[in-house]
Colleague: 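Here it is, the structure, as C-alpha cells.
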Number of protein chains: 2
Amino acid sequence: MSVTKTLFPLVSVDVALFSIERDRLGVLLVKRANEPELHRWALPGGVLKPDLDANLESAARRVLQAKISVDVPHLEEVRTFSGAERDPRGWSVAVLFYALLPADRVQAVISSKIEEAKWAPAARTGHRLAFDHDRQLDAALGALRRKVEEHTLPLHLLPSRFTLTALQHTCELILERRFDKAAFRRRLKTSSDLQAVPGEFVRGVQRPAQLYEARPGFTFARSSS
Amino acid sequence: MSVTKTLFPLVSVDVALFSIERDRLGVLLVKRANEPELHRWALPGGVLKPDLDANLESAARRVLQAKISVDVPHLEEVRTFSGAERDPRGWSVAVLFYALLPADRVQAVISSKIEEAKWAPAARTGHRLAFDHDRQLDAALGALRRKVEEHTLPLHLLPSRFTLTALQHTCELILERRFDKAAFRRRLKTSSDLQAVPGEFVRGVQRPAQLYEARPGFTFARSSS
DNA sequence: GCAATAGTGTCTATTAGACAATATGGG
DNA sequence: CCCATATTGTCTAATAGACACTATTGC
C-alpha cells in the first residue's frame, strides 16, 4: 500500500436518490460491479476527481450522470462519514447527498442506466447495503423527512404541474403519516411556494382538480446562512 | 507541485467555537501563523491526519486541543466547503463543525492558548476572515440559530447549574431577539431536558432563583436518523 | 416598607386537527 | 340522478405572545 493512502484519505461522494414509484418513496440502488463488496447493492457513489469536479456537489452530479445518466433538479448535502473502518481500502471520507427526482422521470432512470440499478422502498430496502450505506440511507431519509416535517414542500418529487391532492399524497408517503386535507390546504394558501395554473385542470369521474406549479424561485434548500 | 496535489484533495476541518462572553455570543478566532493568509484572523482549523484521527470529528477535537488546549462538550458537523479556489494550495475540502463552550470556561481558553487567539462577536466579527471563513461562520451561526429556533436548549453554553433567567438570556443573545418570560418558562415545564436541583438557589437582592441542570442524557445533537 | 428580580395567571390571536358540508364533472 | 373526488366551512384543542399580577429576598 502506497504512502499516499496513509497520508491522504480517499474522498468520495454518495447519493441517496429519492423519487415516488409504485406509490411509495423509493431510493435508487445500484449493484456494485467491483471489489470490495462486489455484487452488493449500494447507493450510487464515486471517488472525487479534482481535475473534473468544481466542488463536491458537482462530483455528486457527475456520479449520477455516469452511473444512471440522470440530471436531478435538487441535490443537497446531508453529512460526512469518515474513518479507517468504513471502507477496506483505507481511511476514507464519504460526503453524503440526497437528491430528488420527479416521479414522471422514474422510468427514464431505469431504462438509461449504465450499471444494474433498481428502485427499492426507501424506508425498508430489504437489503443489507454495501459499506455503511444502511446508515447513510437512514441519515438521508431523516434529513428529507425533517425538511418536509418543517413544511418545506418536496415539489421536486412531482411533475412540473400537479394537483394539491398529489402533493399531499407525496408528503404522506415521505412521512408515512396521514394529514388532514383541510389543514393541509389552508397552509398552502398562505404559502408563497405555489401558484395555480389558470384554466388548467385534471378531469375525471369527479369535480376537476386545479393544477398548481412551483412559484419562480422556489427552492427546497434550507435558508442556511 | 506534486502529482498527489491534483489527484487527492487537501482535507481539513474548521471549527466555529461559540461561547457567551461579555454578554454576547462570541466566536473564537485565531491569528494565522503561516502562509497563506499569514496574520489574518481565521476559525481554528487544521489538516486531517489519518494516522492520528479516528474520524473527522476526532480531527476537529484534536485541532481544538492543539490550537487552544480545550475540550468541548459539544461538537457538531455543519457542512463541507470544497473546490479549487477556496485555498491557494489547491483543490481542498473543508469540513465545518461548530462547538459550544460553557460561559464559565471562556477565560481558560484564552489563557491556555498556544497561538494568538481572541473572542469576537459571532454575528459581526469586525474582520475579514481568512479563506472562506466568513461564509463558514455564517453557515455555523445559521445552524446554531436554527437549532435554538426549533426549541433545542443550548445548555452546553451554560455552567452545569444555571437559572431559567440565564438560560433565556443565552437564547436571546443567540437569536438577537427577546422572548416572553412566561411563554419561555411554560415551554420548559413540559420539556424533559431540564430538572431543578432541589434546595439549590441563587440569592441576591431579590427572590431566590431556582437552579436547574440538564437531565442525564440531554444532547444538543439532532435526532438525525 | 422598598427595590429588584423570580415566578405565575389570564386574556387573546393564531394554528392544527377533526369532521362535516358543499361543489362539480362524468356517467 | 348517483358517484367520486375537489374544495370549503366550522368547531375545538393546543400554543404563543402580551401583559399584569403575586412572591420572596436584601436592605
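Everything numeric here is computed off the predicted structure, so don't read it as measured data. Letters A, B, ... mirror the listed sequences (proteins, then strands); counts begin at 1.
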Colleague: How many Å lie between CZ on A:Arg187 and P on D:dT8, as a whole number?
Modeller: 16 Å
Colleague: Is it true that A:Ser192 and A:Arg215 share a donor-acceptor pair across their side chains at a distance under 3.5 Å?
Modeller: no
Colleague: Indicate whether any N or O donor in one side chain lies under 3.5 Å from an N or O acceptor in the other, for B:Arg105 and B:Ser19.
Modeller: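 Side chains of B:Arg105 and B:Ser19: no pair found under 3.5 Å.
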Colleague: Rounded to whole angstrom units, what separation is found between the CD atom of A:Gln168 and the P atom of C:dA16?
Modeller: 14 Å
Colleague: Is there a side-chain polar atom (N or O) of A:Lys181 under 4.0 Å from OP1 or OP2 of D:dT8?
Modeller: no
Colleague: From the options C:dG7, D:dT25, D:dT7, select the nucleotide whose nearest atom is closest to the side chain of A:Ala209.
Modeller: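 Closest nucleotide to the A:Ala209 side chain: D:dT7.
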Colleague: Using atom CZ of A:Arg185 as one end and atom P of C:dA20 as the other, report the distance to the nearest whole Å.
Modeller: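 From A:Arg185 CZ to C:dA20 P: 18 Å.
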Colleague: Write down the distance between CZ (B:Phe162) and P (C:dA6), rounded to a whole number of angstrom.
Modeller: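 Rounding to the nearest Å, CZ of B:Phe162 and P of C:dA6 are 14 Å apart.
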Colleague: So if I take every side-chain heavy atom of A:Asp180 and compare against C:dC19, C:dG7, D:dA18, which nucleotide ends up nearest?
Modeller: C:dC19
Colleague: Provide, to the nearest angstrom, the distance between the CD atom belonging to A:Glu149 and the P atom belonging to C:dA16.
Modeller: 13 Å
Colleague: Heavy-atom nearest nucleotide on DNA chain D for A:Thr163 versus B:His151: which residue maps closer to 5'?
Modeller: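 Comparing both residues, the 5'-ward one is A:Thr163.
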Colleague: Assuming nearest nucleotide by heavy-atom distance, tell me which of B:Phe179 and A:Lys189 is located more 5' along DNA chain D.
Modeller: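 Between the two, 5'-proximity favours A:Lys189.
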Colleague: Counting C-beta onward and ignoring hydrogens, is there a side-chain heavy-atom pair between A:Leu28 and A:Leu101 closer than 4.5 Å?
Modeller: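 No - every pair of side-chain heavy atoms lies 4.5 Å or more apart.
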Colleague: Would you say A:Arg203 reaches C:dG25's phosphate, i.e. side-chain N/O to OP1/OP2 under 4.0 Å?
Modeller: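 No, outside the criterion.
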Colleague: Can a donor-acceptor pair under 3.5 Å be found between the side-chain atoms of A:Arg207 and the base atoms of C:dG26?
Modeller: no
Colleague: Rounding to an integer number of Å, can you tell me how far B:Glu172 CD sits from D:dG17 P?
Modeller: 12 Å
Colleague: Could you tell me the separation between the CD atom of B:Glu150 and the P atom of D:dA16, rounded to a whole number of Å?
Modeller: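 Spelled out: CD on B:Glu150 to P on D:dA16 is 14 Å.
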Colleague: Would you kindly give the CG-to-P distance between A:Leu188 and C:dA16, to the nearest whole Å?
Modeller: 11 Å
Colleague: From the options C:dA16, C:dT5, D:dA6, select the nucleotide whose nearest atom is closest to the side chain of B:Gln206.
Modeller: C:dT5
Colleague: For DNA chain C, whose closest nucleotide is more 5', that of A:Gly204 or that of B:Ala166?
Modeller: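 On the 5' side of the pair lies B:Ala166.
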Colleague: Using a 4.0 Å heavy-atom cut-off, does B:Thr165 contact any base of the nucleic acid, only the sugar-phosphate backbone, or nothing at all?
Modeller: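 Touches sugar-phosphate only.
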Colleague: Which is true for B:Ala182 with a 4.0 Å heavy-atom rule: it touches a base, it touches only sugar-phosphate, or it touches nothing?
Modeller: base
Colleague: Any donor-acceptor pair, under 3.5 Å, between the side chain of A:Arg186 and the base of C:dG17, if you only look at N and O atoms?
Modeller: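 Such a pair exists between side chain and base.
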Colleague: Is the ring centre of A:Phe218 less than 6.0 Å from the ring centre of A:His156?
Modeller: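 Yes - the distance between ring centres of A:Phe218 and A:His156 falls below the 6.0 Å cut-off.
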Colleague: Taking the side chain from A:Asp180 and the backbone from A:Ala183, do they hold a donor-acceptor pair closer than 3.5 Å?
Modeller: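 The answer is yes, because a donor-acceptor pair under 3.5 Å joins these two groups.
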